[in-house]
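Every chain is numbered from 1, with letters handed out A, B, ... down the list of sequences. Note that this is a predicted model, so its numbers are computed, not measured.
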Amino acid sequence: NAGVTQTPKFQVLKTGQSMTLQCAQDMNHNSMYWYRQDPGMGLRLIYYSASEGTTDKGEVPNGYNVSRLNKREFSLRLESAAPSQTSVYFCASSADLFNNSPLHFGNGTRLTVT
Amino acid sequence: AQSVTQLGSHVSVSEGALVLLRCNYSSSVPPYLFWYVQYPNQGLQLLLKYTSAATLVKGINGFEAEFKKSETSFHLTKPSAHMSDAAEYFCAVSLGGSQGNLIFGKGTKLSVKP
């Protein structure tokens, strides 16, 4: 029972490099999310996708782009990485955007930008 | 706008002692409230959620939380701490039940001493 799978687990980038974080869920959920977690800051929403074909900005979208490739997959792209994007990134999914559907999280991607 | 405040970034208790993790929220409409737990190097897992059905909510692993509208609080408790409860705990609030509007607190790290 995989749940939410994120790749890679760790990544080191130089400033200005680009990369894509991958996320896939096997629970047939409609909604998917990308969060970043920084010490003492809790989790902050970057982007979310209420359903296949839609994406919306969250609290901290600057410097990121997303693609909802299909119902299962939701990727996060950093076009030109900056040290301020050093963080742990979590993908999550829920059955629906509303109805208080709980979030199911992946195990995170630890990104360092030097 | 809604917000959530967790009092105490670190809480330490002895094994067998009462666990009390504090959460206060600010919301202009009836809130939906959640507690999530994060074990080291893992994503968050739902502990429990309040959706107005009952003010005392029971969750997994013996945790419960009570919604007190007059105090705008949703504190998490467990009568007897176990070593395995050591983790970081996050309170979260959403407006209208939309997970796209889910705001997390900064987290409380719980340590359990033998």
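Taking the side chain as every heavy atom from C-beta outward, B/Leu46 and A/His104 never approach each other to under 4.5 Å.
In A/Asn70, the CG atom is crowded: over 12 heavy atoms of neighbouring residues, nucleotides or ligands sit closer than 6.0 Å. With a 6.0 Å radius and a threshold of 12 heavy atoms from other residues, nucleotides or ligands, A/Lys71 has its NZ atom above the threshold.
B/Leu56 and B/Phe34 are members of different hydrophobic clusters when ILVMFWY side chains are connected at heavy-atom separations under 4.5 Å. Note on A/Phe98: it does not cluster hydrophobically with B/Ile103, by side-chain heavy-atom contacts below 4.5 Å among ILVMFWY residues. Cluster membership for B/Val13 and B/Tyr39, using ILVMFWY side-chain heavy atoms within less than 4.5 angstrom, is shared. With hydrophobic clusters built from ILVMFWY side chains whose heavy atoms lie under 4.5 angstrom apart, B/Val11 shares a cluster with B/Phe63. In the hydrophobic clustering of ILVMFWY residues, with side-chain heavy atoms under 4.5 Å counting as a link, B/Tyr32 and B/Leu44 come out together.
Chain B is approached within less than 4.5 Å, heavy atom to heavy atom, by A/Tyr33, A/Tyr35, A/Gln37, A/Gly40, A/Met41, A/Gly42, A/Leu43, A/Leu45, A/Tyr48 from residues 29-48 of chain A, ordered by number.
Expressed to the nearest 0.5 Å, how far CZ of A/Phe105 lies from CD of B/Gln38 amounts to 8.5 Å.
Between A/Leu103 and B/Phe104, the shortest heavy-atom contact is CD1-CZ, 4.3 Å. Of all non-hydrogen atoms in A/Asn107 and B/Gln42, the two that sit nearest each other are OD1-CA, 3.8 Å.
Looking only at heavy-atom pairs under 4.5 Å with chain B, the residue among A/Ser101, A/Ala50, A/Gly58 that has the most is A/Ser101.
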